[in-house]
Amino acid sequence: MTDTAIAFVHARRVWDSRGRPTVEADILLENGFSGRAIAPAGASTGSGEAVDLRDGGEAFGGYDVQHAIANVNTEIARAVTGMDARDQAALDARLIALDGTPNKSRLGANAVLSVSMAAAHAAAHDSGQPLFRYLAGKDADLIPLPQIQIFGGGAHAGRRVDIQDFMVMCPGANSFAQALEWTAEVYRAAGKLMAEAGTLAGVADEGGWWPMFSTNEQALDMLVRAIERAGYRLGEQVGIALDIASSEFGRGGRYKLALEERELDSAGMIDLLSGWISKYPILSIEDPLAEDDPEGFAEFTRIHGKSLQIVGDDFLVSDAARVRAAAAKGAANTVLLKPNQRGTLTETLAAWTAAKETGFSAIVSARSGETEDTTIVHLAVGWAAGQLKVGSFTRGERMAKWNEMLRVEEALGARARFAGGSVLGRSRA
Ligand code: 2PG
Ligand code: MG
């Protein structure tokens, strides 16, 4: 047994940003170093995601995680005790085999992921390095371009608008710190404009302004005005990123836009989005078509894939095989990487490896249900993903990530390479 062998595993219930229970795992190594991680949770989930195990029943709306926690404290703890925390691949393989299902439905992806990530933290502590450097070796230097939400919609705002995330990206910024400064100004400007227009109604699930608009275009117009009011050159310094999250309102090739009382087919949806792309400084679109519409995805990519970042979230669910299949079909050109969509770091990293092999880009992403856990910040840098999506520019669980990235950028000093617009190589910027 090495001294980095896992001596003790313990999970407990903690609470996420929506006030729901979630799983936190602690791992203690034989040599006394330890690691901790908390599983996040999504609201608009892809049907191909690994299963977030919930207890059901009355308590906490059925969202309790006592079973997932018990799974960590009994079966999982027994299976991984004695394993070397530095061998992430072996540890994750053991967790996958122990679960025994294709989608972690027996033990729960939340149970499995908290252990997978806690082990990485413990190994990093043992190595005396921050997690990003432990993952990347001394070569870690790529600081991601952030996607930051200004308005929240869809499932995150009572479906007040159909589109889920209206975000900004700052390809013209010189550093991550500057990208945050610019975003702060745009967020403030958007709030002021909405207050002036009488359309301000608090904030959505991820902390973006809650938009009281009667069309999706009004939200886009308001976002453009906010970027201009804050004083940035549209598209060049600050551009727009959208998460349409269209699996939420599209199925079987039919898309029901509630706000505009319209039902579109796949071609109609592509036309609608194409109109927006020609009118607004859009740099990135996530899930423009539904998860069950790969043909639509391929058609959209055929039209826009050379000039636009087209992201698969529900469509690809951080899955290496799906990334390869999508690439072969010419559907999408970027994968969103959410560790809890798969349940282990190894499988999530495999999706990024598949993406690189097929010419796809990647964005490491948080979920709508988050906590103070900042593991994804370290994954984004340690894996050199180039982009990071965390939600808005308010609320502790979001700011914990942005602030952690500021620390990483500072720690890298002159060696830090801010990805900026370079990761949008195919964009019009
Ligand atoms: C998404 C995420 C973050 P959720 O769809 O990309 O905005 O939302 O975690 O609810 O899936
Ligand atoms: Mg999404």
Side-chain angles (χ1 to χ4, degrees), residues 16-20 22 38-52 54 63 109-110 113 146-169 203-211 219 240-250 273 284-293 297 300 309-319 322 326 332 334-343 348 351 361-371 373 375-377 380 385 387-395 397-398 401-402:
D16 76 10
S17 54
R18 281 192 289 238
R20 289 180 187 165
T22 188
I38 312 177
S44 64
T45 51
S47 58
E49 293 191 19
V51 173
D52 183 48
R54 302 285 168 170
Y63 285 104
N110 41 357
L113 181 69
Q147 286 196 347
I148 308 183
Q149 187 194 66
I150 305 297
F151 301 127
H156 299 166
R159 297 183 198 281
R160 193 59 198 77
V161 289
D162 300 298
I163 314 291
Q164 181 178 286
D165 290 310
F166 296 85
M167 299 170 286
V168 291
M169 302 179 89
V203 296
D205 265 12
E206 296 187 14
W209 301 115
W210 179 298
I240 294 176
L242 299 176
D243 181 1
I244 310 296
S246 61
S247 305
E248 288 291 305
F249 57 83
L273 297 176
S284 178
I285 293 198
E286 182 178 325
D287 286 347
L289 285 305
E291 61 180 7
D292 67 352
D293 190 1
F297 241 105
F300 185 79
Q309 175 164 277
I310 302 171
V311 187
D313 172 15
D314 295 349
F315 178 53
L316 299 175
V317 289
S318 310
D319 183 68
R322 285 189 189 225
T334 302
V335 60
L336 205 69
L337 298 173
K338 292 169 163 172
N340 84 323
Q341 283 182 329
R342 296 270 54 84
T348 313
S361 310
I363 306 168
V364 171
S365 172
R367 302 305 309 244
S368 45
E370 275 292 336
T371 64
D373 186 285
T375 308
I376 55 165
V377 170
Q387 295 183 65
L388 178 66
K389 175 188 176 191
V390 169
S392 79
F393 204 67
T394 59
R395 311 214 322 184
E397 79 281 4
R398 312 289 152 190
K401 275 78 157 171
W402 302 133

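Keep in mind it's a predicted model, so treat the numbers as computed, not measured. Indexing begins at 1, ligand by ligand and atom by atom, following the structure's order.
- When non-hydrogen atoms are compared, ligand 1 lies under 4.0 Å from the side chain of Asp165 (C-beta onward) but not from its backbone.
- Contact atoms of ligand 1 toward Arg367: 4 (P), 9 (O), 11 (O) (distance under 4.0 Å to a heavy atom of the residue).
- Neither the backbone nor the side chain of Asp314 comes within 4.0 Å of ligand 1, counting heavy atoms alone.
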Inset, instruction - Check the pair Ile148, Arg398 against side-chain contact (heavy atoms from CB on, under 4.5 Å), reporting the backbone distance first and the verdict last. - result: CA-CA 10 Å; Ile148 308 183; Arg398 312 289 152 190; over 6 Å; no
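- A salt bridge is defined here as a Lys NZ or Arg NE, NH1 or NH2 lying under 4.0 Å from an Asp or Glu carboxylate O, and Lys401 with Glu370 meets this definition.
- Within the 4.5 Å cutoff, side-chain heavy atoms of Phe297 are placed close to those of Asp287.
- Contact annotation: for Gln149 versus ligand 1, there are no heavy atoms closer than 4.0 Å.
- What you find for Asp165 and Glu206 is that their closest heavy atoms are OD1-OE1, 4.2 Å.
- Leu273 is listed as a side-chain neighbour of Phe300, based on a closest heavy-atom distance under 4.5 Å.
- Side-chain N or O atoms of Ser247 include one that pairs as donor or acceptor with a backbone N or O of Glu291 at under 3.5 Å.
- Side chain to side chain, Ser361 and Gln387 fail the donor-acceptor criterion of an N or O pair below 3.5 Å.
- Every atom of ligand 1 with a heavy atom of Asp243 under 4.0 Å away is listed here by number and element: 1 (C), 5 (O), 6 (O).
- Using modelled atom types and a 3.5 Å distance limit, the side chains of Asp243 and Gln149 yield no donor-acceptor pair.
- The residue from Ser44, Gly154, Gly42 that puts a heavy atom closest to atom 11 (O) of ligand 1 is Ser44.
- Annotation: atom 3 (C) of ligand 1 to nearest protein heavy atom, Glu206 OE2, 3.1 Å.
- Comment: Lys389 engages Glu286 in a salt bridge, judged by a side-chain N to carboxylate O separation of less than 4.0 angstrom.
- Residue contacts with ligand 1 for Asp287 are absent, since no atom lies close enough (heavy atoms, distance under 4.0 Å).
- For the Mg ion (ligand 2), the set of protein N/O/S atoms nearer than 2.8 Å consists of Asp243 OD2, Glu286 OE2, Asp313 OD2, ordered by chain and number.
- When hydrogens are left out, the protein atom nearest atom 1 (C) of ligand 1 is Lys338 NZ, 3.0 Å; that is the closest non-hydrogen contact.
- The single protein non-hydrogen atom nearest to atom 10 (O) of ligand 1 is Ser368 OG, 2.6 Å, given as residue, atom name and distance.
- In summary, the atoms of ligand 1 found under 4.0 Å from a heavy atom of Leu336, numbered by their order in the structure, are 6 (O).
- Taking the charged nitrogens against the carboxylate oxygens, Arg367 and Asp16 have no contact shorter than 4.0 Å, which rules out a salt bridge.
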Inset, instruction - For the pair Ile244 and Phe249, evaluate side-chain contact (heavy atoms from CB on, under 4.5 Å) and give the outcome as yes or no after the intermediate values. - result: CA-CA 10 Å; Ile244 310 296; Phe249 57 83; 3.8 Å; yes
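- The single protein non-hydrogen atom nearest to atom 5 (O) of ligand 1 is Gln164 NE2, 2.8 Å, given as residue, atom name and distance.
- Applying the side-chain contact (heavy atoms from CB on, under 4.5 Å) criterion to Asp52, with sequence neighbours excluded, gives Ala41, Arg54, Asn110.
- Among protein heavy atoms, atom 6 (O) of ligand 1 sits closest to Lys389 NZ, 2.7 Å.
- Residue-to-ligand polar distances place Ala43 within reach of ligand 1: an N/O pair is separated by less than 3.5 Å.
- Asp373 and Thr371 share no donor-acceptor pair across their side chains, judged by distance under 3.5 Å alone.
- Some N or O of Glu286 is nearer than 3.5 Å to an N or O of ligand 1, by distance alone.
- Protein heavy atom in closest approach to atom 8 (O) of ligand 1: His156 CE1, 3.3 Å.
- Between Gln341 and Leu336 there is no side-chain heavy-atom pair separated by less than 4.5 Å.
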